[in-house]
Amino acid sequence: AYPTVFHLIEQISEQSEIKTDFEGVAGEFSTAMMDQVNKFRSMARMLIWRMRVAAAEGRPDEALVDGVRILKLSQLASD
C-alpha cells in the first residue's frame with residue numbers, strides 16, 4: 001500500500017497547480033480549505049518520514065529528492 005501512496009504523492013508534487021472547487025458560503029469554504037491543508041500535511045509527513053529513513057540509511061540523494069517534493073507540495077498548497 002505504501003509504495004502506491006508514495007507514487008501518488010510524487011505525481012501530485014510534479015503538478016503545476018492543484019485544482020480545487022471551493023464554492024459556497026464562508027463556513028463551507030473554511031472547512032474545505034482545512035481539509036485541503038490537512039491532505040497536504042499528511043503527504044508532507046509521509047515524505048518527511050521517508051526522507052529521514054533514506055538519510056539514516058546513507059541515501060542522501062533520495063532524501064534530497066523527497067525534500068524538494070515537500071517544498072513543491074508546500075508551494076502548491078499555498079497557491
Is there a chain of hydrophobic side chains (I, L, V, M, F, W, Y, each step under 4.5 Å between heavy atoms) that links Ile48 to Phe40? yes
Minimal heavy-atom distance between Met51 and Ala63, with the atoms involved, is CG-O, 3.2 Å
With side chain to side chain contact (heavy atoms under 4.5 Å, CB included) as the test, would you mind laying out the steps for Phe6 and Leu47 before giving the verdict? CA-CA 8 Å; Phe6 283 117; Leu47 288 173; 4.2 Å; yes
What distance do Asp66 atom CG and Leu71 atom CG have between them, rounded to the nearest 0.5 Å? 11.0 Å
Atom CG in Leu73, atom CE in Met46: separation rounded to 0.5 Å? 12.0 Å
Side chains of Arg50 and Arg69: closer than 4.5 Å at any heavy-atom pair? yes
Stepwise, does the side chain to side chain contact (heavy atoms under 4.5 Å, CB included) test hold for Met43 with Ile70? CA-CA 8 Å; Met43 288 186 277; Ile70 293 167; over 6 Å; no
I'd like to check the side-chain contact (heavy atoms from CB on, under 4.5 Å) partners of Val68; sequence neighbours left out, ordered by chain and number. Lys72
Heavy atoms of other groups near Arg52 CZ, more than 12 under 6.0 Å: no
